[in-house]
Amino acid sequence: MVITVVGIIRAHNLFAVVMLGGVYSFLMATVMVILDAVDVSMTEAAVGAGMSTVLLLAVLHLTRTREAPLRHKPYIPLFVCLLTGGALVYGTLDLPPFGEANAPQNLHVAPYYIENAERETHSPNIVTAVLASYRGYDTLGEVTVIFTAGIGVLILLASGVRRRRVKPDPLQDPKDDAL
Amino acid sequence: MTTILADLNYWVTVFLLVGGLYIVVAHGNMIKKLVGLSIFQTSVYLLFLSPGKVLGGTAPIIAEGFDVYSNPLPHVLILTAIVVGVATIALGLALVVRIHRSYGTIEEDELHDLESDA
């Protein structure tokens, strides 16, 4: 994954960037299986590697496929990123060790879900039970977000089309439209 | 050695996050910026999922013969986050298409040039 990201940073052909993005998403899905998150992994493979790549390819078709070379030296962004990275690594030193069953994040509601989810919702998959039952409002909000984003995309694309349709014939008599 | 291995997961996450941040800040091409943004988001997924893993545990699906399960709560949160992330990327890409229609470029530097010429 690290190598893929370095490749994405260095590639100037946007097709290569998009394809490496797809490779990266599949690798991420594999890591998620290792981390026991099978539901998340399937979603990431379908949505991250599939849908995002198709969307990006469609946009490449509508725009252009080469990235212009950088005009400024990237020293300031590099410095900011290294500073952020240093702070984050310093933060990881205080996190609980990997795979610990008694770490604080595994002691609050998670045991309740694991013990009672099947009895209360009759779903053997705990992730489904939590998603659809215990935290159903989250899912409702998620659907709202998708709806809003879809409307936004439609408005943005439709407004461009209308303007382009009007432009080619500015000499047309407006009375023709009234008929 | 064990402490290094224990933190390796977090350090890979940090590298991915910083790499995504660098692409967003340093590169002028908007499509590449969006790919960087999605890398940034994915690293956050990894940051959420890593602590939920329990060594010796299995995926949180109730089955005979398994007693130890990984924490299901991060999985639920990240499922929501993935879908919201794709919605964000789609909206950003629509903006890119719209900018390309109006100005004929998707490079920030060239947009600056157009503005200073006008």
Side-chain angles (χ1 to χ4, degrees), chain A residues 1-2 5 8-9 14 17 21 24 28 32 35-40 43-44 47-48 51-52 55-56 59 62-63 67-68 71 74 77 80-81 84-85 88-89 92 95 97-99 101 103 105-106 109-110 113-114 118 124-127 130-131 135 138 142 145-146 149 152-153 156-157 160, chain B residues 6-7 9-12 14-19 21-23 25-26 28-29 31-32 35 38-39 42 46 49-55 57-63 68-73 75-76 78-80 82-84 86-87 89-91 93-98 100-101 106-107 109:
Chain A
M1 274 200 299
V2 169
V5 170
I8 290 177
I9 294 177
L14 290 175
V17 169
Y24 170 82
M28 181 58 88
M32 284 168 176
L35 291 173
D36 287 345
V38 281
D39 306 75
V40 188
T43 314
E44 171 72 19
V47 170
M51 256 190 65
S52 301
L55 283 177
L56 283 163
V59 172
L62 290 174
T63 57
E67 182 192 19
R71 289 193 199 172
V80 171
C81 290
T84 317
L88 288 171
V89 168
T92 60
L95 285 176
F98 177 71
Q105 70 269 14
N106 294 335
V109 287
Y113 288 149
I114 290 174
E118 191 177 22
N125 188 337
I126 306 172
V127 174
V130 177
L131 184 75
R135 301 188 68 90
D138 277 10
E142 173 191 339
V145 168
I146 298 174
V153 169
L156 281 170
L157 295 183
Chain B
D7 279 345
N9 224 350
Y10 295 126
W11 291 347
V12 170
V14 168
F15 178 82
L16 297 180
L17 196 137
V18 170
L21 185 68
Y22 175 76
I23 295 179
V25 178
N29 186 295
I31 292 180
K32 197 159 180 180
V35 174
S38 73
I39 291 176
T42 327
L46 199 59
L49 291 175
S50 302
K53 163 80 178 165
V54 175
L55 282 183
T58 180
I61 299 172
I62 305 276
V68 184
Y69 299 101
S70 288
N71 192 342
L73 192 58
H75 302 183
V76 177
I78 295 309
L79 273 178
T80 311
I82 286 180
V83 177
V84 171
V86 165
I89 299 291
L91 197 61
L93 286 174
L95 271 173
V96 170
V97 172
R98 189 70 187 79
H100 186 259
R101 261 185 205 153
I106 51 171
E107 300 283 342
D109 292 335

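In the text below, chain A, chain B and the rest are named by the order of the sequence lines, each starting its count at 1. Bear in mind that the values here come from a model prediction, so they are computed numbers and not experimental data.
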Winner by heavy-atom pair count (cut-off under 4.5 Å) against chain B, out of A/Leu88, A/Val145, A/Val127, A/Thr43: A/Val127
Nearest 0.5 Å, please: how far is CD in A/Glu44 from CG in B/Leu49? 10.0 Å
Select one option (side chain, backbone, both, neither) describing which atoms of B/Ile106 are under 4.5 Å from chain A's heavy atoms. both
Between OG1 of B/Thr42 and OH of A/Tyr24, what distance do you get to the nearest 0.5 Å? 4.0 Å
Based on non-hydrogen pairs under 4.5 Å, which of B/Val96, B/Val97, B/Thr80, B/Leu73 is most in contact with chain A? B/Thr80
Using a cut-off of under 4.5 Å on heavy-atom pairs, state which of B/Val84, B/Ile78, B/Leu91 scores highest against chain A. B/Leu91
Most contacts with chain A, counted as non-hydrogen pairs under 4.5 angstrom, among B/Ala90, B/Pro72, B/Ala87: B/Pro72
Given the options A/Leu56, A/Val80, A/Val38, A/Ile146, which has more heavy-atom pairs under 4.5 Å with chain B than any of the others? A/Leu56
Most contacts with chain B, counted as non-hydrogen pairs under 4.5 angstrom, among A/Pro77, A/Ala149, A/Ser52: A/Pro77
Need one label for B/Ile23: side chain, backbone, both or neither, based on atoms under 4.5 Å from any heavy atom in chain A. side chain
Report which part of B/His75 has an atom under 4.5 Å of a heavy atom belonging to chain A: side chain, backbone, both, or neither. both
Give the member of B/Ile31, B/Asp109, B/Leu95, B/Val35 that has the highest number of heavy-atom pairs under 4.5 Å with chain A. B/Asp109
Quick check on B/Leu21 against chain A: is it the side chain, the backbone, both or neither that has a heavy atom closer than 4.5 Å? both
Do B/His100 and A/Val59 have side-chain heavy atoms sitting under 4.5 Å apart? no
